[in-house]
Amino acid sequence: MATFATFKAQSIIFMNKTKALKKDLKNKFAGTLNEVVTVEDPQPSKKVKKLISKSSKKLASAVVKDTKEAKKKALKAEKKAAKAAKEASKSINGIKSKKEKKAKEVEVIG
């Protein structure tokens, strides 16, 4: 059984991975934007640099959030498929599910 300490350690490790990924993406976006801006203006102003920093940070955040949601959806779909396969194998083996057991056939004599 997992203790609170191990859960906390796992969440910290995940947060560190997320932060590292965000920082890496931010640097890549900022570098690309800086290259494009310096082609047009060799000496960009402080305001432009600040705007590049903010926008690259937002872009990185959005990308990380999207990838996290995509992973969740894929995991959920995988679990659903495994459950469906398990149910299918039960019906093939002759094992009835609880719903099938409850539904009894009623004959009408008349």
Side-chain angles (χ1 to χ4, degrees):
M1 185 167 183
T3 62
F4 179 72
T6 56
F7 175 73
K8 190 171 183 181
Q10 289 172 347
S11 64
I12 289 173
I13 290 169
F14 177 73
M15 285 177 57
N16 288 342
K17 285 182 183 177
T18 306
K19 282 185 178 181
L21 181 62
K22 277 185 185 178
K23 194 171 189 176
D24 184 43
L25 285 172
K26 178 191 173 287
N27 289 336
K28 286 181 180 178
F29 288 138
T32 305
L33 288 172
N34 275 328
E35 287 176 13
V36 172
V37 169
T38 51
V39 168
E40 293 295 321
D41 183 14
Q43 292 287 329
S45 67
K46 191 175 181 180
K47 190 174 185 178
V48 171
K49 289 178 183 176
K50 191 174 181 180
L51 188 60
I52 289 171
S53 176
K54 282 185 178 182
S55 61
S56 60
K57 203 181 274 189
K58 286 182 182 181
L59 277 170
S61 235
V63 170
V64 168
K65 189 177 180 181
D66 276 355
T67 54
K68 188 177 177 182
E69 287 176 6
K71 283 180 184 178
K72 271 187 177 180
K73 284 183 181 179
L75 185 62
K76 199 173 187 179
E78 188 179 308
K79 283 183 180 179
K80 194 173 185 179
K83 188 177 179 180
K86 187 177 177 183
E87 289 294 322
S89 68
K90 277 186 179 179
S91 63
I92 292 171
N93 295 334
I95 301 170
K96 292 184 177 180
S97 67
K98 289 181 182 178
K99 288 181 181 178
E100 290 174 350
K101 287 180 184 177
K102 285 183 181 180
K104 295 182 180 178
E105 292 181 23
V106 179
E107 286 186 31
V108 179
I109 302 172

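Without hydrogens or angle criteria, Thr32 side chain to Lys28 main chain gives a donor-acceptor distance under 3.5 Å. Remark: side-chain polar atoms of Asp24 are not paired, donor with acceptor, to backbone N or O of Ala20 under 3.5 angstrom. Checking side-chain atoms of Asp41 against main-chain N and O of Val37 turns up no donor-acceptor pair under 3.5 Å.
Listed here is the closest heavy atom pair of Lys26 and Ala60: N-CB, 3.7 Å.
In this structure, NZ in Lys68 is found 6.0 Å from OG1 in Thr18, a value given to the nearest 0.5 Å. In this structure, the separation between NZ on Lys72 and NZ on Lys76 is 9.5 Å, given to the nearest 0.5 Å.
Under a 4.5 Å side-chain heavy-atom criterion applied to ILVMFWY residues, the cluster that includes Leu75 comprises that residue alone. Taking Ile, Leu, Val, Met, Phe, Trp and Tyr as hydrophobic and joining them when side-chain heavy atoms fall under 4.5 Å apart, one finds Leu59 in a cluster with Leu21, Leu25, Phe29, Val63, Val64.
Not counting sequence neighbours, Lys54 has no partner by the salt bridge (Lys or Arg N to Asp or Glu O under 4.0 Å) test.
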